[in-house]
Q: 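Handing you a structure now.
No hydrogens, no waters, no symmetry mates; every other heavy atom, side chains included, goes into these values. Counting begins at 1 with the first residue of the sequence.
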Amino acid sequence: MNDHRHSAADLLEYSDPKNIIVYLHATVTKILFTTQTVGSRPRAIGVIYEDALGEKHTAYLTNDSKNEIIVSAGAIGSSQLLMLSGIGPRSQLEPLGIKVVMDQPMVGQGMADNTLNGLIIPSPNPVELSLLSTVGISLLVNYIEAGSGLNLAPSFGWISKFLLSILDQTTIGSFFDTRLNGGIIVQKVARPLSTGHLELRSTDPNETPKVSFNYFQEPEDLRKCVQGMETIINVVNAKAFSKFRYRTISTQQLLNVVAALPLNQRPRHFDTASSLEQFCNDTVMTFWHHHGGCQVGKVVDEDYKVIGVDGLRVIDASTFSFTPGTNPQATVMMLGRAMGVRIQKDRLS
């Protein structure tokens with residue numbers, strides 16, 4: 001509220017310290033399962049985790065049928081942990097030597113991410129320092145966000161040289177001393193149709209898995225990105241914005257700057273800055289809103305219990321088919337709170 005951001009860790013002050021133990025720098029590497037009889041459902045009974053020194057420990061649930069393990073490692077981490085523990089596509093697990101607890105081909109599928117594209121805009125006048133905030137929503141599809149007060153000079157020195165040549169300035173020292181006022185305006189394609197998948201590279205839990213989000217694979221997503229970039233360009237060209245931009249720097253030159261930045265590992269094309277379709281493809285970045293991989297109805301049920309397994313739930317953005325248009329943090333936190341209440345009621349029933 002009131003533009004004050006808080007970490008989820010702030011919620012710990014409202015918890016009962018007698019009922020919770022928090023281990024810092026501990027990484028769960030595997031969920032342990034048991035099968036009571038041949039053909040019965042696997043039940044999660046504990047975890048193996050490593051401490052900061054790499055020493056392994058085992059933690060077991062107490063002997064109570066209502067006890068369970070809750071996985072909240074995020075879209076990438078939760079899918080990875082389930083697969084490392086033997087829940088996932090048999091075709092992926094067996095070649096890595098992972099014992100298959102349950103062949104679940106949908107784990108790691110339906111991975112998606114909201115895309116980010118935009119412009120860096122130097123300003124001739126001082127601007128406020130601000131975090132990225134939503135400033136407009138276009139047809140409930142494109143979220144336009146802006147951040148200002150950036151110091152672009154030390155980050156990419158060659159950008160300053162490029163802008164100096166446009167502004168007909170020759171003293172680079174004074175330009176760095178005064179620092180470059182400016183900001184960014186970006187657009188996000190909310191609820192993308194394009195999806196991908198996650199694959200394990202190895203059995204090492206510290207090795208980042210291979211994830212493909214297939215950005216703009218669906219033509220509709222690309223069309224929405226172009227629409228968002230057109231909105232940004234119209235804003236920058238608007239009279240109301242004129243005091244925050246140099247008249248000598250055209251929007252085409254701003255596109256040229258972004259097209260030349262090493263924003264990702266995608267190759268650039270001759271028309272990256274002249275075609276908005278190519279610009280979207282070549283300069284796409286993540287908005288860090290990863291979701292999917294353990295979706296409701298495919299990997300977990302409506303109570304977020306892993307289908308076919310007892311004593312195990314997944315509660316995070318990996319269960320989403322799509323995210324809210326804006327930052328999903330509040331949605332994830334409310335999901336956790338709602339499920340916490342439901343679990344407590346189940347235990348008391």
Side-chain angles (χ1 to χ4, degrees), residues 5-34 42-88 98-99 101-102 107-108 198 200-209 211 288 290-291 293-294 299-300 303-306 309-320 327-348:
R5 296 192 175 195
H6 297 273
S7 164
D10 291 345
L11 295 175
L12 291 175
E13 67 179 280
Y14 299 103
S15 64
D16 184 348
K18 297 178 181 179
N19 294 330
I20 185 171
I21 299 175
V22 178
Y23 288 93
L24 300 178
H25 310 296
T27 302
V28 174
T29 60
K30 186 178 182 180
I31 302 169
L32 301 175
F33 297 92
T34 186
R43 168 173 286 277
I45 59 171
V47 299
I48 297 174
Y49 69 93
E50 292 183 354
D51 60 25
L53 298 178
E55 184 177 348
K56 290 188 177 182
H57 307 267
T58 303
Y60 290 101
L61 295 174
T62 57
N63 190 19
D64 185 328
S65 61
K66 292 185 178 181
N67 284 345
E68 58 187 19
I69 293 171
I70 298 174
V71 177
S72 297
I76 295 176
S78 290
S79 297
Q80 180 186 23
L81 181 57
L82 288 188
M83 294 170 73
L84 289 173
S85 305
I87 299 180
I98 299 174
K99 180 182 178 182
V101 174
M102 185 177 66
V107 174
L198 176 148
L200 295 180
R201 296 181 188 271
S202 71
T203 57
D204 182 358
N206 296 309
E207 183 171 9
T208 303
V211 184
W288 301 281
H290 316 315
H291 55 282
C294 299
V299 176
V300 300
D303 290 321
Y304 296 84
K305 296 180 179 180
V306 176
V309 174
D310 292 329
L312 182 63
R313 299 191 204 224
V314 179
I315 304 177
D316 56 29
S318 69
T319 64
F320 294 177
N327 192 309
Q329 178 177 329
T331 304
V332 174
M333 291 173 68
M334 291 303 100
L335 172 62
R337 178 168 182 170
M339 291 309 303
V341 172
R342 181 178 299 182
I343 292 170
Q344 185 66 17
K345 288 183 177 179
D346 288 345
R347 292 189 60 82
L348 295 176

Q: Going by the angle between their ring planes, with limits at 30° and 60°, are H57 and Y49 parallel, tilted or perpendicular?
A: parallel
Q: Quick check: does any side chain N or O of Q80 sit under 3.5 Å from a backbone N or O of E207, one acting as donor and the other as acceptor?
A: yes
Q: For the OG atom of S79 and the NE2 atom of H290, what is their distance to the nearest 0.5 Å?
A: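 Answer for the OG-NE2 pair, S79 versus H290, is 12.0 Å.
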Q: Quick one: closest heavy-atom pair of V299 and G293, and the distance?
A: CG2-O, 3.8 Å
Q: If you take all heavy atoms of A44 and L61, which pair is closest and at what distance?
A: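 Here A44 and L61 meet closest at O-CD1, 3.5 Å.
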Q: Test side-chain contact (heavy atoms from CB on, under 4.5 Å) on L84 and K30; report intermediate values, then the result.
A: CA-CA 6 Å; L84 289 173; K30 186 178 182 180; 5.8 Å; no
Q: Working to the nearest 0.5 Å, report the span between CG of L82 and OG of S318.
A: 7.5 Å
Q: Between I31 and I69, does the side-chain contact (heavy atoms from CB on, under 4.5 Å) criterion hold? Intermediate values first, please.
A: CA-CA 9 Å; I31 302 169; I69 293 171; 4.0 Å; yes
Q: D303 side chain to K305 main-chain N or O, any donor-acceptor pair under 3.5 Å?
A: no
Q: I70 pairs by side chain to side chain contact (heavy atoms under 4.5 Å, CB included) with which of L312, I343, D316?
A: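 Passing option: I343.
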Q: Evaluate the criterion side-chain contact (heavy atoms from CB on, under 4.5 Å) for residue pair M83 and L198; output intermediate values, then yes/no.
A: CA-CA 10 Å; M83 294 170 73; L198 176 148; 3.7 Å; yes
Q: Quick check: does any side chain N or O of K56 sit under 3.5 Å from a backbone N or O of I48, one acting as donor and the other as acceptor?
A: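 A pair under 3.5 Å: no.
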Q: How long is the span from the OG1 atom in T331 to the NE2 atom in H291, to the nearest 0.5 Å?
A: 11.5 Å
Q: Nearest 0.5 Å please: distance from the CD1 atom of I98 over to the CD1 atom of I87.
A: 11.5 Å
Q: Please give me the minimum heavy-atom distance between D346 and K66, naming the atom from each residue.
A: O-NZ, 3.3 Å
Q: Can you find a pair of side-chain heavy atoms, one from I76 and one from P209, that are under 4.5 Å apart?
A: yes
Q: Tell me if a side-chain donor or acceptor on T27 pairs with a main-chain N or O of E50 at a distance below 3.5 Å.
A: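 Judged by distance alone, no pair lies under 3.5 Å.
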Q: Atom NE2 of H25 and atom CG of D51: how far apart are they, to the nearest 0.5 Å?
A: 10.5 Å
Q: Give, for atom CZ of R342 and atom CZ of R337, the distance between the pair rounded to the nearest 0.5 Å.
A: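 Between R342 CZ and R337 CZ, I get 15.0 Å after rounding to 0.5 Å.
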Q: Can you confirm whether D204 is buried at CG, in the sense that more than 12 heavy atoms of other residues, nucleotides or ligands lie under 6.0 Å from that atom?
A: yes
